[in-house]
Amino acid sequence: MSSALVAPSLIPSGGLPRRAFVEQIMGLPMSIHLRGPRVRGEAVERAVEQAFAELRADDDMFSLWKTDSPVSRIRDGRDTLADAHPRIHEVANLCDIARRRTVGSFSAWLPEADGEIRFDPTGLVKGWSVEQAFRGLVERLRDLGDYDVMINAGGDIAVHSDRIDTPPWSIAVEDPRDRDRVLARMELRTGAVATSGTAARGRHITDPLTGAAVNHLLSATVVGPRLSWADVYATAAFVKGPAALGWLALIPDHAGILVGHDGRVTTVKAGPGVTPTAPAA
Amino acid sequence: MRRIIAALMGTVSGLVMLFSYHTSTNTVAAPAGDSTSDGGATAGSPDTGSVASGSGSADQGAAATDSAPAASGTYTGDAVQTRYGPVQVQITVENGVMTSADAVQYPDRDRRDQQINGYAVPVLNAAAVDAQSAQIDGVSGATFTSMGYVQSLQSAIDEAFQ
């Protein structure tokens, strides 16, 4: 796709300097966008590079592809979870909370091809790690001025806005049937949007309750205050399929979009979001 | 009416198990927890209240697609008690299939949460929007790999600002 195609969307907000940084980490494209002063200065570059470095460090710790990563060593019995690094403990604990909150539709303990059940926190680690690196970046940038920040980690997005003279970030949800089109758009100053599906990656998502691969929906998108939970809830919604509607509607501060195989699009919104449209920005 | 309910249950059995739907002409009590509520509701989800029935085993839309009559309307469920307070869900049905589920009654929470929530409402466009005609900063989609990224809308946006 040429950038000319999206040219109309690229009107800088009020001439405010803006810059995007992109790196490939955890096998994913990760883009960080900044709006604010001196985005081409060294201090800003260092702040962004630190966020990428933290993401790479988490990849080294949690990767299942790296056979000597601490999590790989736990999986094949060379080390035990009990003796693991505090960050691994934190993730294991969050995985347990996620299993409760999703009523079993998310789990870090799944039977693998050989029938063995092993620790696999991958489904939570990415969103959690990106959220942490993002929060750190927001804090560091505060020392440099007022910034709006967005990160898109392979389709999962977190945004934050410290400026008061900017429009909200405009976040679109891809149409899983045609990736050049978008199904929905939302205006977000601070929050997160995560989408779960199998279309782009072709990998299976397994229902922990049945052990079977699920294929109820084309995609499930969840909007909420924190990327770690939006990501977990999007995965769980994808696993639950249409049953996710009643479940999602009861989760405070979250909204969702489910896309069925027949192209049917269902929205779920909760809380003061009873208003049918987003507030005027 | 019976067929409408059958269609609804086929589509959203998880939801139907939790709420009773009232229409202007009829009242149908849901068969509360006849299948999955045993495990779920008690094992509980301290953070989301009694959402336990939706175990992901919903009969996937089959009933809805082939037997759905042209029933449209809005149905409001009974209020359900959660740890945050009462929550009441309203669903909208078009031609026998549910198109949205919204919480119409919701517990008041602190202002910060409300602010977050105010922003967290996706605006669903009636028709899909051409990406190039809209001002977009970020695109959320099923995890795309480094390969897929090259062709993605996000990569075009990133490129413009690098």
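As the structure is a prediction and not an experimental result, all values here were calculated from the model. So that the names make sense, note that chain A is the first sequence line, chain B the second, and so on, each numbered from 1.
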| field | Heavy-atom pair with the smallest gap, counting every atom of B/D158 and A/A20 | value | O-CB, 3.5 Å

| field | Test item: A/E187 and B/D137 side chains (from C-beta on) under 4.5 Å apart, heavy atoms | value | no

| note | Minimal heavy-atom distance between A/R40 and B/F161, with the atoms involved, is NH2-O, 3.3 Å

| query | Which residues satisfy the side-chain hydrogen bond (donor to acceptor under 3.5 Å, both in side chains) test with A/T210, sequence neighbours excluded? | reply | none

| task | Please identify each residue that fulfils salt bridge (Lys or Arg N to Asp or Glu O under 4.0 Å) with A/D59, with sequence neighbours left out. | result | A/K66

| field | Residue among A/S31, A/A236, A/S170 with most heavy-atom pairs under 4.5 Å to chain B | value | A/S170

| task | Let me know if A/I171 has heavy atoms under 4.5 Å from chain B in its side chain, its backbone, both or neither. | result | both

| request: Taking all non-hydrogen atoms of both residues into account, name the closest pair between B/G141 and A/D156 and its distance. | output: O-OD1, 4.5 Å

| note | In this structure, CD of B/Q154 is separated from NE2 of A/H33 (nearest 0.5 Å) by 5.0 Å

| Heavy-atom donor-acceptor pair, B/S140 side chain to A/V173 backbone, under 3.5 Å | no

| remark: Minimal heavy-atom distance between A/N152 and B/V139, with the atoms involved, is ND2-O, 2.9 Å

| query | Nearest heavy-atom pair of B/A142 and A/S196: which atoms, and what distance? | reply | CB-C, 4.4 Å

| Part of A/A234 within contact of chain B (heavy atom distance under 4.5 Å) | neither

